[in-house]
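Below, read A as the first sequence line, B as the second, and so on, with proteins coming before strands; counting in each chain starts at 1. Every value quoted in this text rests on a predicted model; they were computed, and no experiment measured them.
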Amino acid sequence: MGSVFDTLNERGMIAQVTHEEQIKEILEKEKVTFYIGFDPTADSLHVGHFLQMMVMAHMQRAGHRPIAIIGGGTAMVGDPTGKTDMRKMMTREEIQRNANKFKQQLSKFIDFSEGKALMIDNAEWLLELNYVKFLREIGVHFSVNRMLTAECFKSRLERGLSFIEFNYMLMQSYDFLKLFQEYDCKLQLGGDDQWSNILGGIDLIRRVESKEAYGMTFTLLTTSEGKKMGKTEKGALWLDPEKTSPYDFYQYWRNVHDADVVKCLKLLTFLSMEEIEKLAQLKDQQINEAKKVLAYEVTKLVHGEEEAVKAQQAAEALFGQGGVAKDMPSTEVFLDEIAAGMNVLDLLIKVKLISSKGEGRRLIKQGGIYVNDERVETADLVVNEQDFKENELMIRKGKKVYHRVILIK
RNA sequence: GGAGGGGUUCCCGAGUGGCCAAAGGGGGCAGACUGUAAAUCUGUUGUCUUUCGACUUCGAUGGUUCGAAUCCAUCUCCCUCCA
């Protein structure tokens, strides 16, 4: 029966901690208020945030109180960490809109009721800061020399770093101080790339309050090849079903590399370590079973059980034998559009499986397009009403991309 | 403020008057092999038509020329050095 710390640790989530012993201790004995910051720079959270959310959920389950900080103020400055060039500035409105979406998504993981968790926008205090006052109270505590030695600035120094970005660290540190003072928040968590920013906050608290605060960072979600995970050809893998359908989401995890399955199970599901161990024993083909579990569990967490089941069924119907999948992407077509016959290429375009006719021709030439499971041999093929079975037509591109066309009479 | 360098197709990056829809790499997509994996190999990767071909693209706008990504002018953005 270990503490959350052990749980997080054995799942391989923890990257660095500031004071291992003390953190273990407070996590075991106290109800700790901690925070994680989220940058509202996109209109949806993506898998990159997923791990942070898992951590928050784990912590909350262990009785601690999470604060999700929406970086409404800091987003107006831009975190230089890991960016090769300056981030584009965002308007208040954009940030606000994004922040609202975040809250919805976070609510699936964290219970915000009865003050069990808080969500705060740091714009609340950052936007009102008085420059001179800030410099006098906060700025004095930072040594430029030391900041420059931080890895995140070092790399940027070669390319150029604007003053505004340079200040990001101060603002994030100030957040921590503020939360420490007002909410007794003494632990900051974050991705491993946030390490130096977190240290900044801890330092600041020590100097201003003469009290100890703690920090802990988590593994960044990367593939075994060291690439950031969750990037797809269409961009990030979003948690918003409007931006990434549950089916695609499921498929992403269904298709992770062998080497990453166990890691993902540990990091992204609540399955017990015993169950994961069991799955980790699987070899070769059987690994697919583990991948199914992974895909199902992760989809369930993000989109709910119902969607996860649907996605799984859809996938099985398609990749297993026969069966009709109801929940893959589909497009409706009206009878009069099809009555006279419609060229495959036009149909493919309509259904957005291809973006140009040239692409379609190429795919067909290479044997990558199937209609109702029959390989399309020529781009001249015309599809008409007779091709629909029970008002449905199945189009497949390559091996994995399916699309259902529904005929509306 | 002064001096210099630069903006090329998804990304990086060649290309300095016709042979350029534009090398090479990366990435993407498809095919083979497989396990809805990885690795590998092959093809492909502006649009339209596919057969020749037509059209649009090299920061923006004008200009020179039979012909411009390549030359000129103006504008714009970025970077480096100096102050």
Is there a Watson-Crick or G-U wobble partner for [N] with both distances under 3.5 Å, and which nucleotide is it?
N	value
B:A14	none
B:U9	none
B:U80	B:A3
B:C75	B:G59

Return no unless some side-chain N or O of A:Q285 is found under 4.0 Å from OP1 or OP2 of B:G35.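 It does, given that an N or O in the side chain of A:Q285 lies less than 4.0 Å from OP1 or OP2 of B:G35.
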
Distance below 4.0 Å between A:K400 side-chain N/O and B:A37 OP1 or OP2: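 Yes, within the criterion.
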
[M] and [N], which share atom name [atom1], separated by this distance in whole Å:
N	M	atom1	result
B:A32	B:A21	C1'	30 Å
B:U8	B:A14	C1'	9 Å
B:U50	B:C79	C1'	44 Å
B:C52	B:G5	C1'	44 Å

Rounded to whole angstrom units, what separation is found between the [atom1] atom of [X] and the [atom2] atom of [N]?
X	N	atom1	atom2	result
A:Y252	B:G28	OH	P	11 Å
A:K283	B:A38	NZ	C1'	15 Å
A:D258	B:G35	CG	C1'	8 Å
A:K365	B:U44	NZ	C1'	9 Å

Ion pair check, A:E20 and A:K24, cut-off under 4.0 Å: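 A salt bridge links A:E20 with A:K24.
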
Do the charged groups of A:E359 and A:R362 touch, with an N to O distance under 4.0 Å?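 The answer is no: the pair does not qualify as a salt bridge.
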
In terms of the nearest nucleotide of RNA chain B, which residue is placed more toward the 5' end: A:Q312 or A:K397?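 In this pair, the answer is A:K397.
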
For A:I349 and A:Q251, find the nucleotide of RNA chain B closest to each by heavy atoms; which residue's nucleotide sits nearer the 5' end?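 That would be A:Q251.
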
Shortest non-hydrogen contact between [X] and [Y], atoms and distance:
X	Y	result
A:M147	A:F166	CE-O, 3.5 Å
A:F270	A:A57	CZ-CB, 3.6 Å
A:L407	A:L335	CD1-CA, 3.8 Å

Using a 6.0 Å cut-off, check whether atom CD of A:Q22 has over 12 heavy atoms from anything other than its own residue.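 Counting neighbours around CD of A:Q22, more than 12 heavy atoms of other residues, nucleotides or ligands fall under 6.0 Å, so yes.
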
Output the residues of residues 351-361 of chain A in contact with RNA chain B, where contact means a heavy atom of the residue under 4.0 Å from an atom of the strand; sort by number or write none.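 Contacts with RNA chain B under 4.0 Å: A:S356, A:K357, A:G358, A:R361.
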
Specify the residues of residues 286-304 of chain A, ordered by number, for which at least one heavy atom lies under 4.0 angstrom from an atom of RNA chain B.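 Heavy-atom cutoff 4.0 Å gives A:I287, A:N288, A:K291.
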
Ignoring hydrogens and geometry, is there a side-chain-to-backbone donor-acceptor pair from [X] to [Y] under 3.5 Å?
X	Y	answer
A:Q105	A:L45	yes
A:N372	A:M394	yes
A:D203	A:G200	no

Look at the side chain of A:K399 against the base of B:U34 and say whether a donor-acceptor pair falls under 3.5 Å; ignore hydrogens and angles.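 Per atom types, the contact qualifies.
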
Check: A:R362 side chain, B:U44 base, donor-acceptor under 3.5 Å: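 Donor-acceptor pair under 3.5 Å: no.
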
Look at the side chain of A:L363 and decide which nucleotide, out of B:G43, B:A37, B:C29, has an atom nearest to it.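 It is B:C29.
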
